[in-house]
Amino acid sequence: MAVVVRAGAAPLWWLGVAAAAIGAAPQGLTGRRIGVFAGAALFVVGAAVVALARRGRYAALVRGVARAGKYDVLQDRAVTVRAWRRGHRWWLLLAWAAALGSAFAVPVAGGLLLAGCGTGLRLKAAWLGRREQALDTLLWVRVDWLDRRGGGPAGKTVKGLRGTGVAAGDAAPGGARRRTAALV
């Protein structure tokens, strides 16, 4: 579950940073100084809103976790991330274009808002990771319950979560890539 949440964090962050850097070039209607201050405020607000959104639904799903069965369809972290990014590539491109376009009115602000949304997703995945560590189980959403773009881990179609041991799959708690021990 945290893998699906975390899948959009990196693209949003990097596209936001790139849009903010490019958006610093035009003077804009408000000027760069006001744009940077507005962008900083939007970064914090965006991160907080995304990190706290739907927490009740996530918590309810976590409370009702069931052990993954033989016929539950679960997929690896890399496949989940690739499916999410493919399914949302046009939305990411549209958000990046909007952030760049907003730089002509308020420089830097749109890019920092986009980066804040990516940070909020990362914070939400970390929160889910702490829940996974507390339960000592990885939380999974069945692939057939995700939306057609590979997202919506707390959507209406998700009836519950499946749990496995923390050693299952290629993801660590919180959706990060599992680190393998180096052979010495």
Side-chain angles (χ1 to χ4, degrees), residues 1-59 61 75-129 139-141 143-158 171-172 174-177:
M1 177 178 198
V3 172
V4 179
V5 172
R6 190 177 168 135
L12 283 173
W13 166 260
W14 286 112
L15 288 174
V17 168
I22 295 169
Q27 186 67 21
L29 297 176
T30 61
R32 282 189 201 100
R33 183 175 177 194
I34 293 174
V36 169
F37 286 133
L42 286 173
F43 179 89
V44 171
V45 169
V49 166
V50 170
L52 298 174
R54 301 196 69 175
R55 265 206 183 179
R57 171 76 172 143
Y58 283 98
L61 287 171
Q75 65 187 9
D76 286 341
R77 178 191 183 282
V79 176
T80 303
V81 170
R82 188 171 46 247
W84 190 95
R85 289 180 182 169
R86 251 188 216 145
H88 291 85
R89 65 180 170 251
W90 294 110
W91 288 108
L92 291 170
L93 183 64
L94 183 64
W96 188 66
L100 277 179
S102 72
F104 292 104
V106 185
V108 181
L112 286 180
L113 175 62
L114 202 58
C117 291
T119 301
L121 286 176
R122 183 81 183 241
L123 292 172
K124 184 179 287 188
W127 174 72
L128 287 168
L139 302 172
W140 300 79
V141 177
V143 176
D144 52 338
W145 288 349
L146 293 174
D147 66 11
R148 62 183 172 85
R149 292 186 320 265
K156 293 178 183 178
T157 58
V158 178
R177 192 176 302 127

Report all side-chain donor-acceptor pairs from residues 35-51 shorter than 3.5 Å, counting only partners two or more places apart or in another chain.
none

Identify all side-chain donor-acceptor contacts of residues 8-29 below 3.5 Å with residues at least two apart in sequence or on another chain.
{"unit_1": "Q27", "atom_1": "OE1", "unit_2": "R32", "atom_2": "NH1", "d": "3.1"}

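Rounding to the nearest 0.5 Å places CG of L52 at 9.0 Å from CG of L123. Taken to the nearest 0.5 Å, the CZ atom of R77 stands 11.5 Å off from the CZ atom of R82.
Side chain of D76 to backbone of V79: no donor-acceptor contact under 3.5 angstrom is found. Side-chain atoms of R6 never come within 3.5 Å of backbone atoms of L121 as a donor-acceptor pair (strictly under, hydrogens ignored).
Partners of T30 by side chain to side chain contact (heavy atoms under 4.5 Å, CB included), not counting sequence neighbours, listed by chain and number: I34, V106, P107.
Applying the side-chain hydrogen bond (donor to acceptor under 3.5 Å, both in side chains) test to pairs two or more places apart or on separate chains, none has a residue in residues 43-58. Among residues at least two apart or in separate chains, ring pair (Phe, Tyr, Trp, His ring centres under 6.0 Å) pairs with a member in residues 75-95 are W84-H88.
Heavy-atom minimum distance, A125 versus A2: CB-O, 4.0 Å. The heavy-atom pair separating D147 from G152 by the smallest distance is OD2-N, 4.0 Å.
For the side-chain contact (heavy atoms from CB on, under 4.5 Å) with V4, the qualifying choice from T80, V81, V158, L128 is T80, the only one to do so.
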